[in-house]
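Structure, as structure tokens:
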Amino acid sequence: MPRDRQTSEKAAGGAPAPDTEDILKGLNPPQVEAVTHGEGPLLILAGAGSGKTTVLTRRVAYLISQGVHPGSVLAITFTNKAADELKTRIEALLGERAKGVWAMTFHSACVRILRAELPHLGRSGGFSIADDQDQTKLMKQVLRELDLSEKQYPPGGILHNISGAKDNLLGPEEYARDALTFYQTKVAQAYSLYQKKLQEQDSLDFDDLIMETVLMLQRHPDVLVKYQAKLSHVLVDEYQDTNHAQYELTRLLASAPPHNIAVVGDDDQSIYTFRGADIRNILEFERDYPECHVVKLEQNYRSTQVILDGAWHLVSNNIKRKDKRLWTAREGGLPIAIYAAQSGEDEARFVAGEVEQLVLRGVRASSIAILYRVNAQSRQFEDEFVARRLPYSVLSGRRFYERKHIKDAVSYMRLLLYPKDLVSLDRVLSEPSRGLGPAAFDKIAAHVREAGVSVADALAAAAYIKGLTAPQRKAAAEFGGLLAEVAAKAETQPLHHTMNEILERSGYLRYLDAQDPKDAQGRLEDLNEFMVSARVAHENGESLQDFLEKCSLASEQDNYDEKRESCVMGTLHSAKGLEFEAVFLVGLEEGLLPHARSVGDNHQLEEERRLMYVGMTRAKRLLCLTFSWTRQMNLGQSGVHVSRFVSEIPRELLEVRTWEG
DNA sequence: CTGGAGCGTCTTTTT
DNA sequence: GACGCTCCAG
């Protein structure tokens, strides 16, 4: 979207009630049409860089200026960062009057609804959220109990199937009923036991958050009516990436006439079918709502014509797409650069050198991005950047929370809030070692499940748990006492004090400190950073629950801060919705992009192509493609081929670069 | 039964 | 190159 518009919004501050003219300032005719559309369903087909965030922002502002209550607007985005940006920009337009808009992700919205409504339905609203590591841990337990080998039934594969079932709103019974193959019947068994285990510890996984919300709305018409009335205007960003459950959720909320649902999407940017995203949702919106109004945004405000042409030629090779072509008023542009490297290291050297040059020429480092297919590719670029002392930041908020010591710290905190969180107990019971190993854990866990008591209570009553030795009983009681004591203080004490106290008194900090110094230093630094974020959360008035929720639902982009002057590295998926002056698309090789696991299946191959399309269209002015003739794979060097996608871009748009750049 | 040392094993993409 | 898992001593 045009820069001047963004800045004028940001500069507006807490403007008083703006009139329609302000809200429509600088918009082109189709954008105005989308923003001012009245009651009823609206489909906005918005190409890359066509200003869809601006349209979404202005539409929310427009609705509120027309008298819609801010608390009645639900604007669903894909990432927390996008939600924050939406909120900030709406506030810039409307000031105080924007307070109360529901701008959040599907998952956050569902957590909010579930926490508010489950208690009225006789269920717990204090559930914990299981992330993928927790899920894997649980699934391994399930497989052990069902006597299925992990070799034959990889936990990840089973979980993928279960996730797919939940995305389609199929519970364990429905899945079992539909199971045809032998494998599926095994998955069905695992699914059923897995759900039982989740329930036992009062936990929901990511997919449950959506599915449970939908089921609740389906089963309790009174709740549905309440939310239909409350959230009278629903807007969905990145609609092409919604799965069936998410589709059903928005459909339910908007099922009362006049169906005030506005969705924004682009079928060419659908890159999440592996997660159940169904491109048909956007292609069939018109069928679901025959009366819907359709607006197409085809003017691109981001990239040069050369970049758009290259991207269009590429994506045109997809058969399953709506025909359309972006255009821009900015003609021409520099050719798309392409560099053939000798090796992965050479590729990293070249890119780092180019980045240095660009920065010298005045391009802000934070507006330069290196995008790749798989996370593992970041390493060689990181190494090169470190060697050259170039600042960079990796788009992977999740990675931070996935580090073992951070997960441990989170688990300690979770034990203070979620009384039955056995997965967390499992993590921390022997970190540091206190004489309680896996066998002791099993006994304690069994007691929690059978007696229905909390973890802290079970530990405190360790004397009654069969099979524990005297020293173990003592250690368990001590640990239980500590948990209970800190949990009680946590209610009044600042978050970061609680964190420090539990990590200190449990011996975790000392335990980390005693590790190999070269590991310990980084880990303690991470923990320090984590405690700072707890302090910030406390200062923002967040509760322990808010904080832990944020940790669970944090996403890749959340730690991307444009103000930090560092070059951005991230996967193509994580670059969704972002834009940069210069983009380096690296590792364009057969096997990487398209990924080896996608070749052979036309649908997956088309998705890989869209992924490349998304990457290319992130670039405003400079786009550079690189690949290497050899690459260090698992073991040993291997020769590779240039990605087929490169040859789908017309030669005349490309400029070949050699070693010296 | 716990806890440390060493060995194979993977690495698509994510809320 | 990080991690989980197995094996073995205490």
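Below, all heavy atoms of this structure are taken into account, side chains as well, without hydrogens, waters or symmetry copies. This is a predicted model, so every value here is computed, not measured. Numbered from 1 within each chain, the chains take letters A, B, ... in sequence-line order.
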Exercise. Under the ring pair (Phe, Tyr, Trp, His ring centres under 6.0 Å) criterion, do A:Phe285 and A:Tyr247 qualify, and how do the steps go?
Worked result: CA-CA 10 Å; A:Phe285 188 84; A:Tyr247 159 82; 8.5 Å; no
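- When distances run from any side-chain atom of A:Thr571 to the nucleotides B:dT12, B:dT11, B:dT14, the shortest one goes to B:dT14.
- Salt-bridge formation is not detected for the pair A:Asp131/A:Lys137: no Lys NZ or Arg NE/NH1/NH2 atom is positioned less than 4.0 Å from an Asp or Glu carboxylate oxygen.
- Between A:Phe627 and A:Trp629, the angle of the ring planes goes over 60°, which puts this pair in the perpendicular group of the 30/60° scheme.
- Distance NZ (A:Lys81) to P (B:dT14): 17 Å, rounded to an integer number of Å.
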For this session: If a protein heavy atom is under 4.0 Å from the base, mark B; if only from the sugar-phosphate, S; if neither, -; do that for nucleotides 4-10 of chain C going 5' to 3'.
Result: SS-----
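- Taking atom CG on A:Asp132 and atom C1' on B:dT15, their separation rounds to 9 Å, with Å as the unit.
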Seminar exercise, completed: Readout for nucleotides 1-9 of chain B: B = base within 4.0 Å of protein heavy atom, S = sugar-phosphate only, - = neither; 5' to 3' it is SSS------
For this session: Run the numbers on A:Arg321 and A:Glu606 for salt bridge (Lys or Arg N to Asp or Glu O under 4.0 Å), then give the verdict.
Result: CA-CA 10 Å; A:Arg321 72 182 281 269; A:Glu606 293 208 348; over 6 Å; no
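- Atoms CD (A:Glu607) and P (B:dT14) sit 12 Å apart, rounded to a whole Å.
- For A:His595 and B:dT12, the ring-to-base geometry satisfies the stacking test (centroid distance below 5.5 Å, interplanar angle below 30°).
- The only member of A:Ile370, A:Leu371, A:Leu593 that meets side-chain contact (heavy atoms from CB on, under 4.5 Å) when paired with A:Leu585 is A:Leu371.
- When rounded to the nearest whole Å, the span between CZ of A:Arg597 and P of B:dC10 equals 11 Å.
- Nucleic acid contact for A:Tyr272: sugar-phosphate only, since backbone atoms but no base atoms lie under 4.0 Å from a heavy atom of the residue.
- No side-chain donor-acceptor contact under 3.5 Å links A:Ser628 and A:Glu347.
- Taking a centre distance below 5.5 Å and an interplanar angle below 30 degrees as the stacking criterion, A:Phe274 does not stack against the six-membered base ring of B:dT14.
- For the pair A:Leu114 CG and B:dT15 P, the interatomic distance rounds to 19 Å; values are reported in whole Å.
- Note on A:Arg373: every side-chain N or O is 4.0 Å or more away from OP1 and OP2 of B:dT13.
- Here the P atom of nucleotide B:dT13 and the OH atom of A:Tyr613 are 24 Å apart, to the nearest Å.
- One atom, CG of A:Asp383, and another, P of C:dG1, lie 8 Å apart when rounded to the nearest Å.
- Distances from the side chain of A:Arg379 to the nucleotides B:dT11, C:dG1, B:dT14 place C:dG1 closest.
- For A:Lys404, the salt bridge (Lys or Arg N to Asp or Glu O under 4.0 Å) test picks out A:Asp408, A:Glu431, with sequence neighbours left out.
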For this session: Step by step, work out the ring pair (Phe, Tyr, Trp, His ring centres under 6.0 Å) result for A:Tyr508 and A:Tyr511.
Result: CA-CA 5 Å; A:Tyr508 191 75; A:Tyr511 159 78; 5.6 Å; yes
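- An OP1 or OP2 oxygen of B:dT14 is reached within less than 4.0 angstrom by a side-chain nitrogen or oxygen of A:Asn375.
- A salt bridge links A:Asp208 with A:Lys166: at least one charged nitrogen is closer than 4.0 Å to a carboxylate oxygen.
- A:Asp266 has no carboxylate O lying under 4.0 Å from a charged side-chain N of A:Lys52, or vice versa, which leaves the two without a salt bridge.
- Rounded to whole angstrom, the span from the NE2 atom of A:His573 across to the P atom of B:dT15 amounts to 10 Å.
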